[in-house]
Amino acid sequence: MDDSPRWYRPAPDVLLLVGSATALLGYLIPWFRASRMHQWSYSGWAYLETEGGWTWLVVVSLAIAVLAGLWAGRSVACAKLSVGAAVAGMFLAGAVVAVSLGALPERDSINWVGELPFEMGMPLMAVGFGTVVAGALGTVRRPVRD
């Protein structure tokens, strides 16, 4: 049997793949609520259900990062694509969260953002994007597998 590596067989870079998938999950699940009284939360999924628009770019960027991460262990080009798409997703997700925070009414407190009831979406995005950055640094230093 031929055991030579084939280009079409995935050879994932674990950090890039897991980081991108975690960031995508964090984007889709709830980030925060406007107050403890509100039943609904801000999340990427809520935007996609109601408006869509340019918020789809985050999902598309992170999906490209996940798919490219599947072959990033075999191809430097796929690793670069995965990192680039994840960084684009990080920038766009940050913009969506910032717009969401800007849509909230201002409060009396100086630290009103810190008083919001946060959920798991934002910490997962932070861990995911941090893992992608760590994977990107490792990708620069590793030899390419044939």
Could you see if [X] belongs to whatever hydrophobic cluster contains [Y]? Use Ile, Leu, Val, Met, Phe, Trp, Tyr and a side-chain cutoff under 4.5 Å.
{"X": "V127", "Y": "M120", "value": "no"}
{"X": "F91", "Y": "V87", "value": "yes"}
{"X": "V60", "Y": "I29", "value": "no"}
{"X": "L57", "Y": "V59", "value": "yes"}

Going by heavy atoms in the side chains, are [X] and [Y] under 4.5 Å from each other?
{"X": "Y47", "Y": "S100", "value": "yes"}
{"X": "L116", "Y": "L101", "value": "yes"}
{"X": "T50", "Y": "W45", "value": "no"}
{"X": "V97", "Y": "M125", "value": "yes"}
{"X": "F32", "Y": "E119", "value": "no"}
{"X": "Y42", "Y": "V96", "value": "no"}

Could you verify whether a donor N or O on one side chain and an acceptor N or O on the other, from Y27 and S43, lie under 3.5 Å apart? no
Can you see which heavy atom on [X] is nearest to which on [Y], and at what distance?
{"X": "V58", "Y": "A93", "value": "CG2-N, 3.7 Å"}
{"X": "A136", "Y": "L16", "value": "N-CD2, 3.8 Å"}
{"X": "A86", "Y": "V132", "value": "CB-CG1, 3.5 Å"}
{"X": "G26", "Y": "W31", "value": "O-NE1, 3.3 Å"}

Hey, could you give me the CG/OG distance between L25 and S20, rounded to the nearest 0.5 Å? 12.5 Å
Distance check, rounded to the nearest 0.5 Å: L24 atom CG versus F129 atom CZ? 8.5 Å
Answer yes or no: are there more than 12 heavy-atom neighbours, outside W56 itself, under 6.0 Å from its atom CH2?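 For W56, atom CH2 is not crowded (no more than 12 foreign heavy atoms under 6.0 Å).
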List the steps, then state whether side chain to side chain contact (heavy atoms under 4.5 Å, CB included) holds for L48 with L28. CA-CA 9 Å; L48 296 175; L28 292 175; 3.9 Å; yes
Can you list the steps and then say if T22 with T131 is a side chain to side chain contact (heavy atoms under 4.5 Å, CB included)? CA-CA 9 Å; T22 303; T131 303; over 6 Å; no
Between S82 (side chain) and C78 (backbone), is there a donor-acceptor pair under 3.5 Å?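 No, because the side chain of S82 does not come within donor-acceptor range (under 3.5 Å) of the backbone of C78.
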W71 backbone acceptor or donor facing S75 side chain under 3.5 Å: no
Working note: V83 + V133, criterion side chain to side chain contact (heavy atoms under 4.5 Å, CB included); need CA distance, chi angles, decisive distance, verdict. CA-CA 8 Å; V83 170; V133 170; over 6 Å; no
Given side chain to side chain contact (heavy atoms under 4.5 Å, CB included), test L17 with V66 step by step and report yes or no. CA-CA 5 Å; L17 181 63; V66 168; 3.8 Å; yes
